[in-house]
Amino acid sequence: MRASAFGGGFTWGVATAAYQIEGAWDEDGKGPSIWDTFTHRRRTIKDRSSGDVACDFYHRYADDVALTADLGFNAKRFSISWPRVMPAGTGAVNQRGLDFYDRVVDECLARGVDPWVTLYHWDLPQALQDRGGWTNRDVLGWFGEYVSVMAAALGDRVKHWMVFNEPLSFTSIGQLLGLHAPGKRNPFGFLASVHHVNLCQAVGAGVLRDLVPGGDIGTSQYLSPVVATGTTPIHHKAERSADAFVNRMFIEPNLGLGYPVDAFPFLRFMERYEHDGDDKAIVVDWDFLGVQYYTRLKAPPLPIPYFGTAPMFGHDWKRFELTSFGWEIRPDGLYDVLQRAHGYGRFPRLVVTENGASFNDVLAGDRVHDRRRIGFYEDHLAAVLRAKNDGIPVDGYFAWSLLDNFEWAEGYRTRFGLVYVDYATQRRIVKDSGHWFRELLSR
Ligand code: IFM
């Protein structure tokens, strides 16, 4: 594989998220986030860990940005911790928090690494959660205020913005399954959150349009082919509703297409949260869609009261290789989701803003021989290239992730990095997959 086949203007990046790497959870005036509260509660995280220290990126950002450049990447995607810059979520701004992101951006630019900023990667200020969080419609105003602060602070140097990271994940796992912060299991709180997040996409994009001239404005969505587990009508119904839940509920309202109520009837209750004019206010003209792809999902016809059917991660261990998370490795699925997103005819560009694999990496001396991860990247990049050659306008790819990091409810047991982190010493060791990227990108 040759990087030049992707074209000169192609963005090659690594993606990270604030809570997963920064640490410094209560330093320099930062307020608590829902993830601080959640991880400090007993038995929420499998290995009983938290992001209190994580990869200590807050103090080591300069070395980590240098490492990104050294591996040959020309872009770095990172998120802003809302409570670091606005400890109570609204009102007072914490200048020391803003200064940190200023330094990260300047370091990136000094190293020739383009900063791509995500405004929300799941760490809501706890103070806002105490007022209902995403279930409270006032979040539209709170979010707009926060985005204005960030656009004014970084908009002179940051051109690429993503409003959200994977709305599907943080609403469904946090508000419905209760396995992520804030740990709620409430189908109606979930519905309210879905609608408010979709409206906040428009609020955030609107603020960025106004305050960042020439801004490149997108958002990122978890997308996955959904397959039926049988051939009967009930299996196909299950597939259709799971597909609407995973792939359509967060994309189509922003394109002015409404909620896919026919496919996923539970969405008819959304009327409770819709106000007059929302159908117009929710529409966004994106510059790009960030596609986040890991695996495909299966849709067993498992009835859940009110809700419909349950999508599950694929688990076809008879036929396909799995990651250590138990996710099927299906590079063809990446082609499929890119093709489908392009099919809307509404996204001028697509960017793969996350793609990667977890394996049980072992440190052997100073090396980590993660051959399977290299195979994963080779095959998924080939799928991107195939899409590009077929005329699908995908012009960037971000590997998840630069560093091993705090993998939410899994804690530190799963490793996704191109760089191994020895958490006891915070030493970074470039894995074979990191060397592979360096080789690819230097040619
Ligand atoms: O670690 C997460 C990330 O925060 C969001 N996308 C999926 C990754 C792997 O699970």
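Quick caveat: nothing in here was measured; it's all calculated off a predicted structure. In each ligand, atom 1 is the first atom listed, and ligand 1 is the first ligand listed. Note that these values count all heavy atoms, side chains included, but never hydrogens, waters or copies made by symmetry.
Between Gln292 and ligand 1, a contact under 3.5 Å exists for no N or O pair. Any N or O atom pair closer than 3.5 Å counts here, and Gln20 shares at least one such pair with ligand 1. The N/O atoms of His121, backbone and side chain alike, include one that comes under 3.5 Å of an N/O atom in ligand 1.
Between Tyr120 and Phe170, the ring center distance clears the sub-6.0 Å criterion. Taking the ring centroids of Trp25 and His40, they lie under the 6.0 Å cut-off.
Near Glu166, meaning under 4.0 Å from any of its heavy atoms, are these atoms of ligand 1: 5 (C), 6 (N), 7 (C). Near Trp327, meaning under 4.0 Å from any of its heavy atoms, are these atoms of ligand 1: 10 (O). Taking every heavy atom of Glu407 and a limit of under 4.0 angstrom, the matching atoms of ligand 1 come to 1 (O), 2 (C), 9 (C), 10 (O). Below 4.0 Å from some heavy atom of Asn165 lie the following atoms of ligand 1, by number and element: 5 (C).
The protein non-hydrogen atom at the shortest distance from atom 8 (C) of ligand 1 is Tyr294 OH, 3.5 Å. At the top of the distance list for atom 5 (C) of ligand 1, counting protein heavy atoms only, stands Glu354 OE1, 3.3 Å.
In this structure, Ala18 and Asp123 approach most closely via the heavy-atom pair CB-OD2, 3.9 Å. Between Pro260 and Ala244, the closest heavy-atom pair is CG-CB, 3.8 Å. Of all heavy-atom pairs between Asn198 and Met249, the closest is ND2-O, 3.3 Å.
Looking at Tyr222 against ligand 1, nothing comes within 4.0 Å, counting heavy atoms.
With a 6.0 Å cutoff to the six-membered ring centre and a 45° limit on the axis angle, Arg386 counts as a cation-pi contact of Tyr335.
Residues Gln201 and Thr219 bring a donor and an acceptor atom of their side chains to less than 3.5 Å of each other.
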